[in-house]
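Read through the structure below, which is laid out as structure tokens, and then see the notes.
Please read these numbers as outputs of a predicted model, since none were measured by experiment.
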Amino acid sequence: MGDPMEYPKIKSWVDDWGGAVDYVDYVKHSADLATLVAFSRIFWPRFVEVGNCVLWDRAYEESTFEAWREKLAGDTRKIEAMLNQLRVWEVVESEDVDEDRQALEFSAECIAKAWSAALCAEFPGRAFDVRIVDSEDGPIVTFSSGMR
């Protein structure tokens, strides 16, 4: 899936309207401003720097960070990869059907691209490895410090 108009629920809604609308109109009809604001922060997160690590602000909790730093012997990349995870299937309800799996993967790809851009904008001299990890439940977007 490379186009939101391919997702069956959006396509059906557009077809019901006679095709004079698109995915933006679908959002206008189906979501509210609070949803848009929340998704904006998912796609353009805030970051914190702690102990040479860059962490998604939502993922940072001091005791959890310290526990992982000890367990992973201070390895920055491993700590970041462990804590900076967004399990895409946990953000919205989905079914275990092909269309939803494709939609989750499409969303993960978009989030990963946005996170790459956000990290580059926030830390222009630092490289990051933003990636999608496949899991049994669905895609996980994560990042860690990389090398340039």
Problem - For the student: nearest non-hydrogen atoms of R77 and S145, plus distance - result: NH1-O, 2.5 Å

Handout entry: salt_bridge(D137, R87) N-O dist < 4.0 Å
Key = no

Handout entry: Ring centres under 6.0 angstrom apart (Y26, Y7)
Key = no

Completion exercise
Between Q85 and W56, the two heavy atoms sitting closest are O-CZ3, 3.5 Å

Problem - Salt bridge flag under 4.0 Å for residues R131 and E80 - result: no

Fill in the blank from the handout: Nearest heavy-atom contact between N84 and V54 is ND2-O, 3.0 Å

Practice task
Scan side-chain atoms only and decide if T35 and D32 contain a donor-acceptor pair under the 3.5 Å cut-off.
Solution key: yes

Practice task
Would you please say whether a donor-acceptor pair under 3.5 Å links the side chains of T64 and E62?
Solution key: no

Practice task
Indicate whether the side chain of D3 and that of Y23 have a donor and an acceptor atom separated by less than 3.5 Å.
Solution key: no

Completion exercise
In short, P4 meets F106 closest at the heavy-atom pair CD-CZ, 4.2 Å

Practice task
Give a yes or no on whether the ring-centroid distance for W44 and W115 is below 6.0 angstrom.
Solution key: no

Practice task
Give a yes or no on whether the backbone of P8 and the side-chain of S12 come within a donor-acceptor separation of less than 3.5 Å.
Solution key: no

Practice task
Search all heavy atoms of I132 against all heavy atoms of P139 and return the closest pair with its distance.
Solution key: CG2-CB, 3.7 Å

Exercise for the section: Determine the minimum heavy-atom distance between W13 and D22, stating which atoms define it. Expected result: CZ3-O, 3.9 Å

Exercise for the section: Using the ring pair (Phe, Tyr, Trp, His ring centres under 6.0 Å) rule, take F47 and F143 through it: C-alpha gap first, then chi angles, then the decisive distance, then the call. Expected result: CA-CA 12 Å; F47 307 104; F143 71 88; 5.6 Å; yes

Problem - Qualifying residues under side chain to side chain contact (heavy atoms under 4.5 Å, CB included), relative to V14, sequence neighbours excluded - result: M5, I10, V21

Fill in the blank from the handout: Residue pairs meeting side chain to side chain donor-acceptor pair (under 3.5 Å), one or both in residues 67-76, sequence neighbours left out, come to E66-R69

